[in-house]
There are 2 protein chains.
Amino acid sequence: MKTKERAIEEKICPLEFAVNAISGKWKVPIVWRINEGEKRPSEILRGITKVDRRVLNQQLKELEQAGILQKASFNELPPRVEYSLTPLGDKLVEVLWKLNAWGETLLETSIKKDK
Amino acid sequence: MKTKERAIEEKICPLEFAVNAISGKWKVPIVWRINEGEKRPSEILRGITKVDRRVLNQQLKELEQAGILQKASFNELPPRVEYSLTPLGDKLVEVLWKLNAWGETLLETSIKKDK
């Protein structure tokens, strides 16, 4: 079924749609790292040590299909692949900064509670 | 282990902490509905038909422990329980509005791709 039909039938609200798009386990960290200039899967793997290559590739593929990342393949030896944020991805990062600021407040609140 | 120690040990960044706090399956819809004035669990259940009562109660409890919701119990017959957003919860809703706006763009992009 096409996205629009699905959106109408299941009454997908944009917020749900957004949360679904970024709720894969490593998607937020991946977007964050690419925003920080880590373009190649091998660099991202070094940064997020808990994720394996196969899962990373799957998440990168889904983020590309969602229009958040774009992939550039360079026909070199060895072949080189680089990811970057699309304009939609850039906008997501802006929202993630706001969520990060909220997370700081949440973290402070939790620390106070622990004391 | 206390939150602060855990934050240091696992190098929790505020964004990860924020994403974890809201990544329970129904947490975003629950916060959204409470923001829209549905205070009682029975009202929330009518709005989110796919969630069962036990799961809802668990998610409400976690949101309360995180400091996002506050619970008020009224000693009536039958007993009445109402949830509302804390100031931290209000701030989360502000971020969710930004995520909602991003979701609209994402949805439009997906619809264009389907055509």
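Residue numbers start from 1 in every chain, and the chains themselves are labelled A, B, ... in the order their sequence lines are given, proteins ahead of strands. Heavy atoms only: backbone and side chains are in, while hydrogens, waters and symmetry mates are out.
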Kindly compute the distance separating CG (A:Leu15) from CD (B:Glu104), expressed to the nearest 0.5 Å. 10.0 Å
Any idea which heavy atoms bring A:Gly103 and B:Ala18 closest together, and the distance? CA-CB, 3.8 Å
With a 4.5 angstrom heavy-atom cut-off, is it the side chain or the backbone of B:Glu108 that approaches chain A, or both, or neither? neither
A:Ala101, A:Ala66, A:Gly67: which one forms the most heavy-atom pairs within less than 4.5 Å of chain B? A:Ala66
Looking only at heavy atoms, which two atoms of B:Leu106 and A:Ala21 are closest? And how far apart? CD2-CB, 3.4 Å
Identify which part of A:Trp32 has an atom lying under 4.5 Å from any heavy atom of chain B, answering side chain, backbone, both or neither. side chain
A:Leu88, A:Val19, A:Val95: which one forms the most heavy-atom pairs within less than 4.5 Å of chain B? A:Leu88
Flag the one option from B:Leu92, B:Ile68, B:Thr105, B:Ile22 with the top tally of heavy-atom pairs under 4.5 Å to chain A. B:Leu92
Surrounding CH2 of A:Trp97 (heavy atoms of other residues, nucleotides or ligands, distance under 6.0 Å), is the total greater than 12? no
Do B:Pro14 and A:Trp102 come within less than 4.5 Å of each other through their side chains, counting heavy atoms only? no
Evaluate the side-chain proximity of A:Val28 to B:Glu16: yes if any heavy-atom separation is below 4.5 Å, no if none is. no
